[in-house]
Amino acid sequence: MDECQSANQYARELLAWYDKHHRPLPWRQNINIYHTWVCEVMSQQTTLAVVIPKFSEFVKQLPTVYDLATCDEDTLRQLWSGLGYYARARNLKKGAVFIVEHLKGRFPQSYNEWLKIPGCGLYTAAVIASICFHEKVACVDGNVTRVVSRLLALSKDVWSSSGQAVIRDFANSIISAERPGDFNQAMMELGATVCRKTKPLCLLCPLRSQCLAFEKNCTELCPPQKPRRDAVDVELFALIVWRKPTDTIALAERTKGFLANTVGFPLMSKLEVLEVKTALKSREQLQLVELPGAFTHNITHHRISGKALVVRVVEDSNNAAVEDFWQILGLPQPFYWIANQAIATKLSTSLDKKVVKLFHNTLSCYAQ
DNA sequence: CAACCGTGGCG
DNA sequence: TCGCCAAGGTT
C-alpha cells in the first residue's frame, strides 16, 4: 500500500494547489461536454491565449453539436481561421455529424467511445472522459510529459511512443480517483505555469518534495528536447485568376501539398509556373502578371518564400477559356468565382491572406 | 514509428 | 528580427 499512499500524496498536493491557483478558463465555468470537446480539439498544438477568444466565438456561433453538424464549410473555416491545422476543424465537424446521425445526438460516454470520434486521440479522449464522465484515465500532453519526466528524473526517450506509454502509466498510477478531471487539468496547469520548460518555478511547486529532478538539480535536462526536423526553404507561387470585367477571383479547394483540403489560391512550384506560362502563350485573352513584392510564410519546418501571379481574364465572355486553362493545368477542382470585394471574408488561411494583401496593394497602386 | 501538418506569440 | 514553441492526431 506504499504505492497507494504516495500516489495519494501526489494527487492531494496537486489538487490542493490547483484549487488555489488555477486560471479561470472560459470552458471551466460549468462542465459542458460539447464545450469540453471543442476547446480540447482547438487547444491541440497551440497556445491557450490564442484559443480563448476563438473558443468563445465558436460556441457563440455554433452553440450545440447540431449547429456544428449542419454548419456550412465557409462558416467553419472562418471560425477556425488563425488556428492552423485545419484538419482538426474538419474532423470536429465529422465527429458532430457522426454523433448526430448515428448516436441520435447523444455524446459518447466513455474514453473508449470517444477514441472512435474523428480527430479524438488518446489525449483528447482522456481529457473528455475524465472531466465529463469522471473516468479515471490520465491524459498525456506536452505539459504532463514534462511534469512526469521531472518527477521521475527521466532525461531521455520520453517523446517516443514507448516513452509516452511510460509517462501515461505513471500518470495513471497517481491520478485521483475522486477528481480525475481536475487532476488531469492540474497536471497540465502545473506544467504550463510552474513546471515550465525553461526557468521552472520549483519553489512554488506543490510536488517539489517528491520531484527527483529537483532533488538531483537536473530539471534543465528533463525532459530532453523534442527531436525536430531541420528547416527547409521552399519557393512557392500563388495563382490569382482574376476576371477583371466582373472583378471576381477564382478560389479552389486545394487537394494536395501545403494547405491541402483548404480553400484558397492554387499554389504551385516554379516548375508548374512554367507550365502556366506555356499554356498562356496560346491564349491571348489571358494575361499573366507577376505581382511586385513577395511574402514569407512558415508551415511546420518549411520556410516558404512566396510570390503571386495574376492571370488576368480580359474579356468576361470567355469563361470557357478559363475552364479550359484550369483543366489543362490540372489546377485543383472544384473552383469558385468570388467577388473581389468579398474575397477577404472567404479566405481562412494565413498564407492566402498574405497573398490577397499583395494583390490589393498592387491594385491600389495602379488606382492612384 | 517517423513524418507530416498551421499559426500566433514570445524571448 | 527570428527561431522556437504550444492542452496532438493521422498516416
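Below, chains carry the letters A, B, ... as their sequence lines are ordered, and counting in each starts from 1.
Between A:Gly84 and A:Ala49, the residue anchored nearer the 5' end of DNA chain B, judged by the nucleotide with its closest heavy atom, is A:Gly84. For A:Pro118 and A:Glu40, each mapped to the nucleotide of DNA chain C holding its nearest heavy atom, the one lying further toward the 5' end belongs to A:Glu40. Nearest-nucleotide assignment on DNA chain B puts the 5′-proximal partner with A:Ser161, out of A:Gly257 and A:Ser161. Comparing A:Thr47 and A:Ala125, the nucleotide of DNA chain C nearest to each residue sits closer to the 5' end for A:Thr47.
How far CD1 of A:Ile304 is from NZ of A:Lys354: 8.5 Å, rounded to the nearest 0.5 Å.
Ring orientation note: the planes of A:Tyr34 and A:Trp37 are nearly perpendicular, at an angle over 60° on the 30°/60° scale.
Contacts of A:Thr124 with the nucleic acid, taken as non-hydrogen atoms under 4.0 Å apart, involve only primed sugar atoms and P, OP1 or OP2. Residue-level contact check: A:Leu25 touches the bases, meaning some heavy atom is under 4.0 Å from a base atom. The residue A:Thr349 sits close only to the backbone: its heavy atoms come under 4.0 Å of sugar-phosphate atoms, none of a base. A:Arg77 comes within contact range of no nucleotide atom at all, as no heavy-atom separation falls under 4.0 Å. Looking at heavy-atom distances under 4.0 Å, A:Gln225 makes contact with sugar-phosphate atoms alone, never a base. Within 4.0 Å of A:Cys39, counting heavy atoms only, lies no atom of the nucleic acid at all. Contact annotation for A:Thr46: base contact, defined as any heavy-atom pair under 4.0 Å involving a base atom.
Protein atom CG of A:Leu48 is 13 Å distant from nucleotide atom C1' of B:dG9, rounded to whole Å. When the C1' atom of B:dG9 is taken as reference, atom CG of A:Asn298 falls 13 Å away, rounded to whole Å. Atom CD1 in A:Ile52 sits about 16 Å away from atom C1' in B:dT7, given to the nearest Å. Nucleotide B:dG6 holds its P atom 12 Å from the CG atom of A:Asn91, rounded to whole Å. Counting to the nearest Å, the P atom of B:dG8 and the CD atom of A:Gln44 are 18 Å from each other. Straight-line distance from the NZ atom of A:Lys197 to the C1' atom of B:dG9: 15 Å, rounded to whole Å. Following rounding to the nearest Å, A:His301 (NE2) and B:dA3 (P) show an atom-to-atom distance of 9 Å. Rounded to an integer number of Å, the gap from CD1 of A:Ile299 to C1' of B:dG8 is 14 Å.
Between A:Asp352 and A:Arg254 there is a salt bridge, since at least one side-chain N of the basic residue sits less than 4.0 Å from a carboxylate O of the acidic one.
Using a 4.0 Å cutoff to heavy atoms of chain A, the contacted part of DNA chain C runs 5' to 3' from C:dC5 to C:dT10.
With both ends at atom C1', the span from C:dA7 to B:dA2 equals 23 Å, rounded to whole Å.
In this structure, a donor-acceptor pair under 3.5 Å is present between the side chains of A:His360 and A:Asn340. Between the side chains of A:Gln61 and A:Glu57, at least one donor N or O lies within less than 3.5 Å of an accepting N or O. Between the side chains of A:Gln78 and A:Thr75, not a single donor N or O lies within less than 3.5 Å of an accepting N or O.
A continuous path of hydrophobic side-chain contacts links A:Val148 to A:Leu201 [ILVMFWY only; heavy atoms under 4.5 Å].
Phosphate proximity of B:dT7 to A:Tyr86: present, with a side-chain N or O under 4.0 Å from OP1 or OP2. For B:dC5, one of the phosphate oxygens OP1 or OP2 lies less than 4.0 angstrom from a side-chain nitrogen or oxygen of A:His302. Phosphate proximity of B:dG11 to A:Thr198: absent, as no side-chain N or O sits under 4.0 Å from OP1 or OP2.
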When the side chains of residues 118-143 of chain A are checked against the rest of the protein, which donor-acceptor pairs come out under 3.5 Å, sequence neighbours left out?
{"unit_1": "A:Tyr123", "atom_1": "OH", "unit_2": "A:Glu40", "atom_2": "OE1", "d": "2.6"}
{"unit_1": "A:Thr124", "atom_1": "OG1", "unit_2": "A:Gln44", "atom_2": "NE2", "d": "3.0"}
{"unit_1": "A:Ser130", "atom_1": "OG", "unit_2": "A:Ala126", "atom_2": "O", "d": "2.9"}
{"unit_1": "A:Ser130", "atom_1": "OG", "unit_2": "A:Val127", "atom_2": "O", "d": "3.0"}
{"unit_1": "A:Ser130", "atom_1": "OG", "unit_2": "A:Asn184", "atom_2": "ND2", "d": "2.9"}
{"unit_1": "A:Glu135", "atom_1": "OE1", "unit_2": "A:Tyr111", "atom_2": "N", "d": "3.0"}
{"unit_1": "A:Asp141", "atom_1": "OD1", "unit_2": "A:Asn143", "atom_2": "N", "d": "3.1"}
{"unit_1": "A:Asp141", "atom_1": "OD1", "unit_2": "A:Val144", "atom_2": "N", "d": "2.8"}
{"unit_1": "A:Asp141", "atom_1": "OD2", "unit_2": "A:Asn143", "atom_2": "ND2", "d": "3.2"}
{"unit_1": "A:Asn143", "atom_1": "OD1", "unit_2": "A:Arg146", "atom_2": "NH2", "d": "2.8"}
{"unit_1": "A:Asn143", "atom_1": "OD1", "unit_2": "A:Ala192", "atom_2": "N", "d": "3.4"}

